[in-house]
Number of protein chains: 2
Amino acid sequence: MDEHPSLAVSTVIFALRDSELWTPLVRRIRQPYQDRWALPGGWVAPQEGLETTAARKLLETTQLDPTYLEQLYCFGDIGRSPSGRVVSVVYWALVRPDQAERSSDDDNVRWFRADALPGLAFDHNRIVEYALWRLRNKMAHSSIAHGFLGETFTLAELRGVHEAVRGATLDPANFRRQVLAGGSIVPTGEHVVGASHRPPALYRYTDATLVDQGPLLASALTDRED
Amino acid sequence: MDEHPSLAVSTVIFALRDSELWTPLVRRIRQPYQDRWALPGGWVAPQEGLETTAARKLLETTQLDPTYLEQLYCFGDIGRSPSGRVVSVVYWALVRPDQAERSSDDDNVRWFRADALPGLAFDHNRIVEYALWRLRNKMAHSSIAHGFLGETFTLAELRGVHEAVRGATLDPANFRRQVLAGGSIVPTGEHVVGASHRPPALYRYTDATLVDQGPLLASALTDRED
DNA sequence: TCGCTTCGAGTCACCCTGACCTGAACCCGG
DNA sequence: CCGGGTTCAGGTCAGGGTGACTCGAAGCGA
């Protein structure tokens with residue numbers, strides 16, 4: 001058996017804040033790219049699954065426990081790292097606003113707007129761009145928006161997620177009609193109390209299935225794709 | 001730096017024969033799973049890109065040079081291989097019927113119907129199943145059908161590809177209307193000669209872009225998947 | 001020439017979509 | 001207490017795409 005490339009795992013994290021997409025990055029404390037911002041990640045342990053590694057590294061470095069975690073792509077071009085051949089299995093994750101609060105925004109972890117990142121280490125700028133494209137793609141015909149929301153939510157909140165990701169405003173009435181016709185959402189019967197104006201109804205997702213898909217469940221779902 | 005898992009590359013190949021999907025498999029000549037059928041592949045060389053490795057191994061073991069090659073998924077569960085931790089970057093490919101002819105169907109390489117495979121080595125059954133799901137998915141809103149066809153083709157041939165992959169018949173008239181409205185196809189002006197019945201017109205794809213995508217081009221395309 | 005088969009084009013009802021409108025419910029200020 | 005402002009909820013309406021279907025055109029073979 002030949003000598004094998006180094007195998008790493010990284011994760012692109014998205015969270016919604018002020019109707020915009022934000023992503024946390026960690027400061028590199030070693031060469032190469034010392035002091036540059038990079039995706040959280042690390043080496044794959046011999047007796048640990050890839051997704052498990054991604055989740056563990058995420059928790060260790062950013063204190064985040066995402067509600068959605070899926071493999072994005074495996075990057076293995078030669079020359080990705082100046083220190084030798086590295087193959088990175090990259091995951092992407094969604095976290096809710098309340099979960100994002102836990103992540104300390106200190107000197108080693110900082111949140112950036114996903115569409116205005118600084119120059120990152122390695123090929124991480126390209127990776128985040130691809131993750132953004134995949135997020136927008138999947139949002140179009142799937143129900144990943146769930147990953148950004150809590151257990152219950154109003155239609156305005158759900159619409160806000162779609163608007164933030166798509167970068168465009170949506171007609172509230174038409175959005176309501178479509179999402180209700182889809183059937184993946186159901187009203188809880190309760191309403192928001194205390195806020196101004198007419199109190200909106202609360203909704204809940206029917207298919208609680210989120211977090212980790214992979215090829216196991218993929219064929220069983222009626223999702224599309226991408 | 002810790003000890004790293006072994007890194008392999010495998011490829012699921014699809015070809016159209018007699019209106020059905022077929023896939024070539026290779027016989028394993030070593031342990032583990034000796035003499036069992038498996039996906040073609042091999043170890044990643046230190047100075048070779050992942051996709052390049054997939055294409056090279058494909059050519060070496062099956063004499064196939066696919067018109068379409070894309071990364072499918074990275075499988076890295078512990079326990080995939082009884083001989084130790086192996087992480088496999090799996091690609092999937094499409095070949096045209098004339099290309100598939102070159103692949104020798106001998107004792108070490110054999111073609112199987114994609115929906116009726118024997119018990120394969122490792123977790124390769126699951127991998128092929130996922131590749132099939134992805135193919136059907138991508139066929140729905142993309143123009144990958146090109147990978148199965150030659151430079152020019154009739155609408156009946158194109159429809160045959162969709163019918164074979166989707167496993168259902170399509171209305172010829174409606175299929176024509178939709179695919180022509182899509183604009184990804186254009187008539188060459190020529191017609192088939194010599195065959196029975198009314199001679200059908202020949203068409204050609206407008207966007208010649210096929211073979212290898214990856215995150216580089218993905219964000220530039222208006223594709224969805226995936 | 002007639003019959004058969006496939007190709008190419010057209011029709012029609014239906015559903016989904018986007019744009020728009022109206023009333024309901026609530027808070028707040030006067 | 002009352003009316004303005006704002007958001008929620010539901011409905012209308014025209015336009016475009018889809019599926020099911022029909023019909024003539026074009027070629028081959030008996």
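Letters A, B, ... mirror the listed sequences (proteins, then strands); counts begin at 1.
If you check every strand for non-hydrogen atoms under 4.0 Å, A:Ala156 touches sugar and phosphate atoms only. As judged by a 4.0 angstrom heavy-atom cut-off over every strand, A:Ala173 is placed among the base-contacting residues.
Other residues, nucleotides and ligands contribute over 12 non-hydrogen atoms within 6.0 Å of the CZ atom of B:Arg17.
In this structure, A:Gln178 atom CD and C:dC15 atom C1' are separated by 13 Å, rounded to whole Å. Rounded to whole angstrom, the span from the CZ atom of A:Phe153 across to the C1' atom of D:dC8 amounts to 16 Å. Rounded to an integer number of Å, the gap from CZ of A:Phe175 to P of D:dA9 is 13 Å. When the P atom of D:dA25 is taken as reference, atom NE2 of B:His191 falls 16 Å away, rounded to whole Å. Going from atom CG of B:Leu155 over to atom C1' of C:dG8 covers 9 Å, rounded to whole Å. Separating the CG atom of B:Asp171 from the C1' atom of C:dC12 is a distance of 14 Å, rounded to the nearest angstrom. Distance, A:Leu180 CG to D:dG11 C1': 14 Å, rounded to whole Å. Between the P atom of D:dG17 and the CZ atom of B:Arg176 lies a distance of 18 Å, rounded to the nearest Å.
Of the possible polar contacts, none joining the B:Arg80 side chain to the B:Phe122 backbone as a donor-acceptor pair under 3.5 Å is found.
The stretch residues 160-169 of chain A has no heavy atom under 4.0 angstrom from DNA chain D at all.
Contacts of A:Phe148 classified as ring pair (Phe, Tyr, Trp, His ring centres under 6.0 Å), with partners at least two apart in sequence or in another chain: none.
Position along DNA chain C of the nearest nucleotide to B:Pro199 versus A:His197 favours B:Pro199 as the more 5'-ward residue.
There is a side-chain donor-acceptor pair under 3.5 Å between A:Asn174 and A:Arg177.
Geometrically, A:Arg27 engages A:Trp37 in a cation-pi contact defined by less than 6.0 Å to the ring centre and at most 45° from the axis.
Interface remark: the B:Arg198 side chain does form a donor-acceptor pair with the C:dC7 base, using a distance-only criterion of under 3.5 Å. Contact annotation: side chain of A:Arg177 to base of C:dG18, donor-acceptor pair present below 3.5 Å.
Residue B:Tyr91 forms a side-chain contact (heavy atoms from CB on, under 4.5 Å) with just one option from B:Leu50, B:Val12, B:Ile13, and that option is B:Leu50.
Ring orientation note: the planes of B:Phe153 and B:His146 are tilted relative to one another, at an angle of 30° to 60°.
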